[in-house]
> 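The structure's right below; bear with me while I get my questions together.
All values derive from a computational prediction rather than experimental measurement.
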Amino acid sequence: MKEIKFIDIEGIKVGHAQNIEAGTGCTVIICEEGATAGVDVRGGSPGTRETDLLDPQNLVDKIHAVMLSGGSAFGLDAASGAMKYLEEKDIGFDVQVTKVPIVCSAVLFDLVVGDYKVRPDFKMGYEACVNATNKECPNGNIGAGTGATVGKFLGIERAMKGGLGSYATQVGDLKVGAIVAVNALGDVIDPETGKILAGLLDEKGNTLIGTENAMIKKYNEKKNIFNGNTTIGVVVTNGIFTKSQMNKLASMSHNGYARTIRPAHSIFDGDTIFTMATCKVEADINVVGFLAARTMERAIVNAVKSAESAYGVKGYDDIYIHKRQ
């Protein structure tokens, strides 16, 4: 098993567009040939598009892109830009008069940083597609991770910077990768050491105190907790799988969330994972399932370690690198 880049999975392109000043952006994962897909929505506050199509009972069997976007529900508009771009490329489900691209989408809440009046829209979604490439896939404050934050149980003032992360692995000719925008209510944990990497800070903003610890202390307070969260991601494999299997793979991939985000899948998160299969090599769904969870773990870790301080919110380096100096 060896580490590869997410864009080393043949047939996949990734593009980003963002407004750095406004603190928002979007990331598109394109498969022009079409990918067998699935989805699993675990959080209680999701914002999604075209998830019903991925039910194995329904007609469409392949999708052409997934759009991950900031902007809360407003950001769903970015998927329309991807549809326009793909239609111009003659990519989509053939309805004779044209081809209808199947673009799934999930959004995260980043309206509390930057300028809430600026959100990913049709234009930004189109731009992300124009920027799509199989040459590079940067992490951190880019695309859907531009305005992402984590550890927000006590408000944005005590939170840390989240971001976009990716990771992929190869076993023989099988490839499995994950890309994720980390914007959780809770903390991000290193699954190998149990150390909190990013999350809820103390009143001075210098020390990580643990979101679950803070929540336990307030277990009997029925207040309106700040709910601007959600971690959204995509797992891609070159394995050959059915639509039903891809939905199961999305479910198995959530183990990566559970092992790195505490708490995960809260009522205040809209945690969602899409899966895409380019269907090139035979593979065991069980093997791909645990590889998907592992790659998602590492993608989440990469997201917060690559995220730089912005919008008055501290990044990983501010807490860990500066402490060692």
> Measure the shortest side-chain to side-chain distance between C26 and M67 over non-hydrogen atoms and say whether it is less than 4.5 angstrom.
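They are in side-chain contact.
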> Tell me which pairs pass side chain to side chain donor-acceptor pair (under 3.5 Å) where either residue lies in residues 63-72, with sequence neighbours left out.
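For residues 63-72: none.
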> Determine whether K305 and N139 satisfy the following criterion, side-chain hydrogen bond (donor to acceptor under 3.5 Å, both in side chains), listing intermediate values before the conclusion.
CA-CA 9 Å; K305 283 190 171 183; N139 295 338; over 6 Å; no
> Spell out, as yes or no, whether a donor-acceptor pair under 3.5 Å connects the side chain of T295 to the backbone of A168.
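A pair under 3.5 Å: no.
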> So do I156 and Y311 actually touch side chain to side chain, heavy atoms under 4.5 Å?
no
> Look at K280 together with E33 and state whether they make a salt bridge at an N to O cut-off of under 4.0 Å.
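Looking at E33 together with K280, the answer is yes, because their closest N to O distance falls below 4.0 Å.
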> Can you name the ring pair (Phe, Tyr, Trp, His ring centres under 6.0 Å) partners of Y126, sequence neighbours left out?
Y85
> Check whether any side-chain N or O of N183 sits under 3.5 Å from a backbone N or O of F109 as a donor-acceptor pair, and report yes or no.
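It does hold such a pair.
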> Return yes when atom CG of D202 has more than 12 non-hydrogen atoms of other residues, nucleotides or ligands closer than 6.0 Å, and no otherwise.
yes
> Could you tell me which residues satisfy ring pair (Phe, Tyr, Trp, His ring centres under 6.0 Å) with Y257, sequence neighbours excluded, listed by chain and number?
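Y257 satisfies ring pair (Phe, Tyr, Trp, His ring centres under 6.0 Å) with H254 only.
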> Side chains of D271 and T230: is there a donor and an acceptor less than 3.5 Å apart?
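Checked: D271/T230 side chains show no N/O donor-acceptor pair below 3.5 Å.
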> Determine which pairs satisfy salt bridge (Lys or Arg N to Asp or Glu O under 4.0 Å) with at least one residue from residues 233-261, sequence neighbours left out, and list them in order.
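As it turns out, the salt bridge (Lys or Arg N to Asp or Glu O under 4.0 Å) pairs with a partner in residues 233-261, which skip direct neighbours, are R259-E297.
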> Using the test side chain to side chain contact (heavy atoms under 4.5 Å, CB included), find all partners of I142 that sit at least two apart in sequence or belong to another chain.
H16, Q18, P138, L164
> Quick one: salt bridge (Lys or Arg N to Asp or Glu O under 4.0 Å) pairs with a partner in residues 92-101, sequence neighbours left out?
D90-K99
> Apply side chain to side chain contact (heavy atoms under 4.5 Å, CB included) to A250 and list each qualifying residue two or more places apart in sequence or on a separate chain.
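For A250 the side chain to side chain contact (heavy atoms under 4.5 Å, CB included) partners, ignoring immediate neighbours, are D40, T275.
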> Check whether NZ of the Lys or CZ of the Arg K195 lies under 6.0 Å from the centre of the six-membered ring of Y320 and within 45 degrees of that ring's axis.
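So K195 does make the cation-pi contact.
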> What pairs of residues pass the salt bridge (Lys or Arg N to Asp or Glu O under 4.0 Å) test when at least one of them lies in residues 125-149, not counting sequence neighbours?
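Salt bridge (Lys or Arg N to Asp or Glu O under 4.0 Å) check on residues 125-149 returns no pairs.
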> Suppose the criterion is salt bridge (Lys or Arg N to Asp or Glu O under 4.0 Å): which pairs have a residue in residues 13-23, not counting sequence neighbours?
K13-E32
> Check whether any side-chain heavy atom of L201 sits under 4.5 Å from a side-chain heavy atom of L208, and report yes or no.
yes
> Check whether the side chains of T24 and D110 place a donor and an acceptor atom closer than 3.5 Å, and report yes or no.
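Distance-only check passes for T24 and D110.
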> For side-chain hydrogen bond (donor to acceptor under 3.5 Å, both in side chains), just list the numbers for K204 and T207, CA-CA rounded to whole Å, side-chain angles, deciding distance to a tenth of an Å, and then say yes or no.
CA-CA 8 Å; K204 294 183 178 179; T207 304; over 6 Å; no
> Going by the rule side chain to side chain contact (heavy atoms under 4.5 Å, CB included), which residues pair with A307 if we only count those two or more places apart in sequence or in a different chain?
N141, K161
> For K62, what residues pass the side chain to side chain contact (heavy atoms under 4.5 Å, CB included) criterion, not counting sequence neighbours?
T36
> For residues 173-182, dump all side-chain donor-acceptor pairs below 3.5 Å to protein atoms at least two apart in sequence or in another chain.
{"residue": "K175", "atom": "NZ", "partner": "D8", "partner atom": "O", "Å": "3.0"}
{"residue": "K175", "atom": "NZ", "partner": "E10", "partner atom": "OE1", "Å": "3.2"}
{"residue": "K175", "atom": "NZ", "partner": "E10", "partner atom": "OE2", "Å": "2.7"}

